[in-house]
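This report refers to the structure that appears directly beneath it.
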Amino acid sequence: MDMKSVESKWQAKWEKSKQNVFNKKNIDKKLYVLEMFSYPSASKLHVGHWYNYGPTDSYARFKKMQGFEVFQPMGFDAFGLPAENFAIKTGIHPKDSTEKNILTMEQQLKNMGAMFDWSAEIKTCEENYYKWTQWLFLQLYKKGLAYRKEALVNWCPSCETVLANEQVIDGKCERCNSVVLRKDMTQWFFKITEYAEELLNDLDKLDWPDKTKLMQKNWIGRSTGCEIHFECETGDTITVFTTRPDTLFGVNYVVLAPEHPLVKKLREAHPEKATEIDAYVQYAAEANDIDRLSTAREKTGVFTGAYATHPLTGKKVPVYLADYVLYSYGTGAVMAVAAHDERDYAFAKKYNLPITQVIQKVGEEIVLPYCEDGILVNSGEFDGLSGDEARDAIAVHLTKIGKGSKKVNYRLRDWSVSRQRYWGAPIPMIHCENCGVVPVPEKDLPVKLPYDVEFRPSGRSPLAGNAKYMKCTCPKCGKKAERDPDTLDTFVCSSWYYLRYPESKNDKHPFTKEIADKIAPVDVYVGGAEHACMHLLYARFITKALRDMGYISFGEPFKRLIHQGIILGTDGNRMSKSRGNVVSPDKYVDEFGSDIFRLYLMFGFSYTEGGPWNDDGIKSISRFVERIERLVQKATELQDAEAEIGSAEKELDYAKNYAIKAITRDMESFSFNTSLARVMEYVNALQKYDSDGCKNTSFFKACISDLIRMFAPFAPHFSEECWEMLGNKDSVFEEEYPLVNEQALVKDEVEYAVQVNSKIKAKVMIAEGLTNDQIQEKVSALPDVAPLLEGKTVKKCIVVKGRLVNLIVG
RNA sequence: GCCCGCGUGGCGGAAUAGGCAGACGCACAGGACUUAAAAUCCUGAGUCCUAACAGACGUAUCGGUUCAAGUCCGAUCGCGGGCACCA
């Protein structure tokens with residue numbers, strides 16, 4: 001079969017018949033199958049795209065044949081850094097390169113032959129999409145979920161630009177390899193932390209890989225403890241967060257992060273320490289991420305000269321600054337318990353501070369620092385309590401005397417969404433001298449991204465350099481004002497795109513509740529695991545926020561999630577240009593066709609594992625498909641001839657139904673390799689029946705017809721062609737997937753393995769419906785078994801129905 | 001450092017709920033067809049020992065639970081991933 005022409009023939013037919021366009025009339029049978037959309041940075045599809053989209057399309061086609069109205073759209077996550085970096089390198093405008101790349105990729109995706117509903121296509125860089133991304137921003141702003149604050153960002157001193165986290169590789173700029181610094185800048189943030197608890201709790205409801213849920217759980221990082229107030233000699237309160245209030249009596253000193261606002265006041269109170277404090281604050285500020293965040297970094301700090309009062313003992317404890325305390329977590333201040341915390345211990349040893357043990361293990365010597373739970377000592381009225389008891393008792397006591405309270409903290413930080421970059425959705429905000437920050441009125445959306453912009457890095461946002469863009473009037477007071485020069489993180493674009501697909505052409509609304517509630521959430525979402533704590537978390541947050549604002553009624557975007565594995569180069573390494581091990585799908589698609597390429601991706605790997613590419617496998621798939629073609633050819637040549645249903649027919653019928661049953665189960669779990677193995681077994685059975693004489697040709701032809709329906713989701717073009725060869729007029733995808741006939745799977749007798757003392761000694765066919773005693777009797781008489789039982793007693797006989805018999809003799 | 005996952009033939013990989021390890025395929029070997037090759041079809045094969053039958057060993061390693069362990073439990077080694085001064 002000439003795959004090339006067969007493929008284009010059927011692609012054209014599918015497009016003409018619009019059979020892949022979602023039919024809203026059947027919305028109650030909907031199944032929203034979504035693959036993560038592509039990023040058009042490279043101009044061609046790579047094996048990873050194919051591996052994501054090909055097999056998932058087979059799943060979608062399978063579900064369609066099962067009667068679901070499948071909605072499977074495709075689009076492009078078109079804004080972003082790679083296009084801009086490419087522009088900086090080559091001078092080609094990001095819009096031009098992106099549009100060109102999209103054109104190529106669209107064609108390649110169409111050649112794949114997936115049942116994408118192209119009428120729903122979206123491109124996030126187009127006005128009719130980013131208008132609504134800006135709309136989303138405004139809603140979050142109205143709801144108080146978008147706010148501005150000064151924060152530390154990644155700063156490349158050589159490129160003079162802010163870098164996104166993903167552009168920082170091992171603490172270095174991905175482009176020039178300079179060590180990235182931290183810089184204070186005023187930025188827009190989304191208050192994802194407001195949803196920390198719900199994002200954590202709802203993980204239980206999701207049919208997602210455990211690993212991904214765990215990663216999100218750890219990322220959210222809930223910890224329970226206490227906030228405790230230490231009164232500072234300046235009259236201010238130093239509030240610390242601790243998960244170990246049970247060690248409160250062991251506090252030796254209090255530590256503030258160098259960025260803590262109180263530092264300024266302490267410096268004024270202790271002018272004699274001012275030089276030291278200044279030097280330390282500067283030292284901490286200049287440290288780069290690699291050093292500052294390394295656990296191996298030596299603990300450093302400085303005494304402020306000030307003291308604080310212990311809330312329970314009333315003792316004075318010194319106040320230190322140290323950069324092992326992070327301003328961004330908890331309260332930015334810590335109570336140091338040298339005896340029971342490794343960091344505090346190291347610090348106390350270095351600066352010769354006292355170490356007070358307050359946790360003891362009964363009957364055991366402990367070595368400090370001892371960070372486990374134990375029994376309290378040196379803790380006044382709390383002596384003798386266990387860790388859990390003490391944590392509760394001390395918290396209760398602190399609450400009573402107004403010196404603290406129980407508190408839950410999260411590791412999750414608010415989502416920084418400002419990017420000092422050009423190629424993104426402009427932030428729809430205006431800065432007015434009179435009115436401050438003013439949102440762009442919704443009727444004025446989109447705030448259009450101007451084409452004519454110098455996007456080479458200059459230390460400020462590229463849009464700031466475009467006076468025409470920046471100048472505007474304040475919507476509130478009408479006076480001259482300026483636009484926000486930043487653009488939105490591309491993860492904002494992708495946080496809601498699944499809602500746009502069903503209504504991609506709606507120019508009045510981003511989406512409507514009526515339709516969104518019916519089509520969404522996504523039933524099955526398939527994409528790479530690398531998005532676990534980024535896209536997948538952001539999308540959950542935005543979904544919950546939109547629900548709370550009344551725009552939708554559900555709170556989770558993706559009910560079920562599958563991660564495909566990664567296809568590696570033949571050398572077992574990740575594919576990369578520098579390694580020179582990149583496998584081009586085009587080469588194989590040209591040589592074998594897209595169906596065969598897709599089949600190999602499904603058959604050669606465990607879908608969620610992936611693995612190294614191997615050329616030999618694909619040739620065998622090609623041969624397998626040819627075998628099917630020969631069977632179809634044979635079926636078209638045979639004259640119909642009825643014959644009785646004998647044992648050969650029964651055997652073939654069993655093989656067929658066994659395959660249907662197994663495939664129907666395995667497809668549900670994205671187990672494509674075993675599904676195809678079952679098709680192969682069935683093909684083997686068909687060939688055997690044929691070579692054994694093929695008496696009942698009518699039956700044989702019906703079996704071939706079932707084979708094609710069975711195989712259709714895996715090789716769509718090829719199967720359509722075969723279906724046509726068999727004399728059918730309509731698309732095979734209008735057919736129902738073959739249903740299992742359980743009757744055909746009932747066997748009169750089943751092979752049992754016979755064990756004596758757990759060692760296999762024989763195999764025997766045993767009729768269905770025998771009692772255990774009858775089975776034991778039959779088995780004991782077997783020539784391979786009987787001698788082993790002579791002169792011995794059978795103590796026990798274990799029968800596992802349909803599988804084995806184990807005789808325990810002694 | 002902490003958390004999580006994974007280790008099965010020469011290779012990719014199978015193995016419901018603890019029940020015949022190695023499905024399916026690749027590569028390999030032998031055979032049929034052919035002047036020959038390719039293609040196709042048939043047969044074989046975990047390893048060791050054996051002429052064969054039989055037997056022994058076998059899912060990273062060591063130990064345990066069980067009539068029965070790739071699967072459960074404990075320890076060790078190796079690989080991969082995530083987090084990384086989170087108080």
Side-chain angles (χ1 to χ4, degrees), chain A residues 209-219 221-223 225-226 240-245 247 255 257 292-299 322-326 328-337 340-344 346-347 371 409-413 529-530 532-533 566 572 600 603-606 609-621 623-624 626-627 630 662 665-666 669 671 673-684 687-688 691 751-763 784 795-810:
Chain A
D210 287 337
K211 195 179 173 181
T212 309
K213 291 204 267 187
L214 188 67
M215 274 166 70
Q216 287 208 355
K217 188 184 165 202
N218 293 338
W219 186 264
R222 184 181 201 268
S223 44
C226 259
V240 302
F241 173 73
T242 181
T243 54
R244 295 293 305 273
T247 63
V255 194
R292 169 95 193 243
L293 295 176
S294 162
T295 46
R297 178 171 160 97
E298 199 180 345
K299 304 283 172 284
D323 69 358
Y324 76 86
V325 173
L326 305 175
S328 50
Y329 181 76
T331 60
V334 157
M335 62 177 218
V337 182
H340 305 294
D341 181 280
E342 276 176 30
R343 294 152 301 181
D344 299 343
F347 191 82
C371 306
N409 246 313
Y410 300 93
R411 208 196 68 105
L412 183 68
R413 308 286 150 80
E530 66 276 12
C533 294
I566 297 168
Y600 176 58
F603 184 68
F605 308 86
S606 165
E609 296 297 315
W613 177 259
N614 172 356
D615 266 15
D616 294 331
I618 195 165
K619 292 185 187 116
S620 77
I621 289 291
R623 283 200 294 268
F624 166 65
E626 282 162 16
R627 267 163 62 201
R630 284 196 295 273
R665 184 193 61 221
D666 289 356
S669 54
S671 184
N673 53 351
T674 54
S675 296
L676 280 168
R678 300 294 88 83
V679 179
M680 288 172 179
E681 282 166 355
Y682 179 44
V683 168
N684 291 343
Q687 280 192 324
K688 184 169 183 293
S691 61
E751 190 188 60
Y752 277 64
V754 183
Q755 296 180 334
V756 177
N757 285 339
S758 305
K759 296 225 167 196
I760 292 178
K761 295 295 173 189
K763 294 190 176 180
D784 286 339
K795 290 182 189 161
K796 206 170 168 187
C797 172
I798 296 150
V799 178
V800 181
K801 202 170 178 306
R803 290 194 175 262
L804 63 73
V805 184
N806 191 1
L807 296 167
I808 311 302
V809 300

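Residue numbering restarts at 1 for every chain, and letters A, B, ... go by the order of the sequence lines.
At the heavy-atom level, Arg413(A) lies under 4.0 Å from base atoms of the strands shown. Within 4.0 Å (heavy atoms only), Phe603(A) reaches at least one base atom of the nucleic acid. Across all strands shown, Ile808(A) has heavy atoms under 4.0 Å from sugar-phosphate atoms exclusively, and none from any base. Gly332(A) comes within 4.0 angstrom of nothing in the nucleic acid, heavy atoms only. Across all strands shown, Asn409(A) has no heavy atoms under 4.0 Å from either base or sugar-phosphate atoms. Residue-level contact check: Ser671(A) touches neither bases nor backbone, having no heavy atom under 4.0 Å from any strand.
Annotation for Asn757(A) and Val809(A): closest pair OD1-N, 2.9 Å, computed over non-hydrogen atoms. The minimum heavy-atom distance between Val325(A) and Gly332(A), with the atom names listed, is CG1-O, 3.6 Å.
Rounded to an integer number of Å, the gap from CD1 of Ile760(A) to P of rC57(B) is 14 Å. Nucleotide rC11(B) holds its C1' atom 15 Å from the CG atom of Asn673(A), rounded to whole Å. At whole-Å resolution of the value, NZ in Lys763(A) and P in rA21(B) are 8 Å apart. One atom, CG of Leu676(A), and another, C1' of rA23(B), lie 14 Å apart when rounded to the nearest Å. One atom, CG of Leu807(A), and another, P of rA68(B), lie 14 Å apart when rounded to the nearest Å. When the C1' atom of rC6(B) is taken as reference, atom CD of Glu609(A) falls 8 Å away, rounded to whole Å. Rounded to whole Å, atom C1' of rG80(B) lies 10 Å from atom CD1 of Ile566(A). Summarising the geometry, the separation between NZ on Lys619(A) and C1' on rG25(B) is reported as 15 Å, rounded to the nearest angstrom.
Using a 4.0 Å cut-off, no side-chain N or O of Gln755(A) falls inside it from OP1 or OP2 of rC67(B). Regarding contacts with the backbone of rA27(B), a side-chain N or O of Arg623(A) is found under 4.0 angstrom from either OP1 or OP2. Checking the phosphate oxygens (OP1, OP2) of rA14(B), a side-chain nitrogen or oxygen of Ser606(A) falls inside 4.0 Å. Between Tyr329(A) and rA87(B) there is a side-chain N or O to OP1 or OP2 distance below 4.0 Å. The phosphate of rA87(B) (OP1 or OP2) has a side-chain N or O of Ser223(A) nearer than 4.0 angstrom. Here Asn218(A) does not reach the OP1 or OP2 of rA84(B): none of its side-chain N or O atoms lies under 4.0 Å away. Proximity of Arg803(A) to the phosphate of rA68(B): no side-chain N or O atom is located under 4.0 Å from OP1 or OP2.
You'll find that the side chain of Met215(A) is closest to rG82(B), out of rC85(B), rG82(B), rG55(B). Taking the side chain of Asp323(A) as heavy atoms from C-beta on, and the options rA14(B), rC85(B), rC41(B), the nearest nucleotide is rC85(B). Nearest nucleotide to the Arg630(A) side chain, out of rA68(B), rA23(B), rU40(B): rU40(B). For Arg411(A), the listed nucleotide lying nearest its side chain is rA84(B); candidates were rC4(B), rA23(B), rA84(B). For Arg627(A), counting side-chain heavy atoms from C-beta on, the closest listed nucleotide (rC24(B), rC41(B), rA87(B)) is rC41(B). When the nucleotides rC24(B), rC20(B), rC57(B) are ranked by their closest atom to the side chain of Lys759(A), rC57(B) comes out on top.
Although no hydrogens or angles enter the test, the distance criterion places a donor-acceptor pair under 3.5 Å between the side chain of Arg244(A) and the main chain of Cys371(A). Looking only at distances, no side-chain donor or acceptor of Tyr410(A) sits under 3.5 Å from a matching main-chain atom of Ser223(A). Counting only distance, with no hydrogens or angles, the side chain of Tyr600(A) and the backbone of Asn614(A) share a donor-acceptor pair below 3.5 Å.
Between the base of rC85(B) and the side chain of Lys299(A) there is a donor-acceptor pair shorter than 3.5 Å. The base of rC4(B) is not paired with the side chain of Lys211(A) by any donor and acceptor separated by under 3.5 Å. Side-chain N/O atoms of Asn806(A) and base N/O atoms of rC67(B) include a donor-acceptor pair closer than 3.5 Å. For Arg244(A) against rA87(B), no side-chain N or O and base N or O form a donor-acceptor pair under 3.5 Å.
Only the P atoms considered, rG31(B) is 14 Å distant from rA38(B), to the nearest whole Å. Separation of the C1' atoms belonging to rU47(B) and rG22(B) is 13 Å when rounded to the nearest angstrom. For the C1' atoms, the distance from rA68(B) to rG18(B) is 8 Å, rounded to whole Å. Comparing the P positions of rG70(B) and rG19(B) gives an interatomic distance of 10 Å, to the nearest angstrom. rG7(B) sits 14 Å from rG13(B) when the C1' atoms are compared, rounded to a whole Å. Nucleotides rC49(B) and rG58(B), compared at atom C1', are 15 Å apart to the nearest Å. Nucleotides rG12(B) and rA23(B) are separated by 15 Å at their P atoms, to the nearest Å. Spacing of P atoms, rC33(B) relative to rC42(B), comes out at 15 Å, to the nearest Å.
How far CG of Leu676(A) is from CG of Asp666(A): 10.0 Å, rounded to the nearest 0.5 Å. Atom NZ of residue Lys763(A) and atom CD of residue Gln755(A) lie 10.5 Å apart, to the nearest 0.5 angstrom. Atom OG of Ser620(A) and atom CE of Met680(A) lie 6.0 Å apart (nearest 0.5 Å).
Mapped onto RNA chain B by nearest heavy atom, Asp616(A) and Gln687(A) fall at different nucleotides, with Asp616(A) at the one closer to the 5' end. Checking Asp666(A) against Val800(A), the closest nucleotide of RNA chain B that is more toward the 5' end is the one next to Asp666(A).
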* To do: Decide salt bridge (charged side-chain N to carboxylate O under 4.0 Å, His left out) for Arg623(A) and Glu626(A); before the verdict, give the C-alpha distance in whole Å, the side-chain angles of both, and the deciding distance to 0.1 Å.
  => CA-CA 5 Å; Arg623(A) 283 200 294 268; Glu626(A) 282 162 16; over 6 Å; no
* Worked check of side-chain hydrogen bond (donor to acceptor under 3.5 Å, both in side chains) between Asn806(A) and Ser758(A) -> CA-CA 6 Å; Asn806(A) 191 1; Ser758(A) 305; 3.2 Å; yes
* Starting at the 5' end of RNA chain B, write a dot or bracket for each base, bracketing those in Watson-Crick or G-U wobble pairs whose two distances are under 3.5 Å and using | for partners on another strand. => (((((((..(((......[....))).(((((.......))))).(((......)))..(((((..]....))))))))))))....
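rG9(B) shows a glycosidic angle within 90° of 0 and is accordingly assigned syn.
Atom CD of Glu342(A) has 12 or fewer neighbouring heavy atoms from other residues, nucleotides or ligands inside a 6.0 Å radius.
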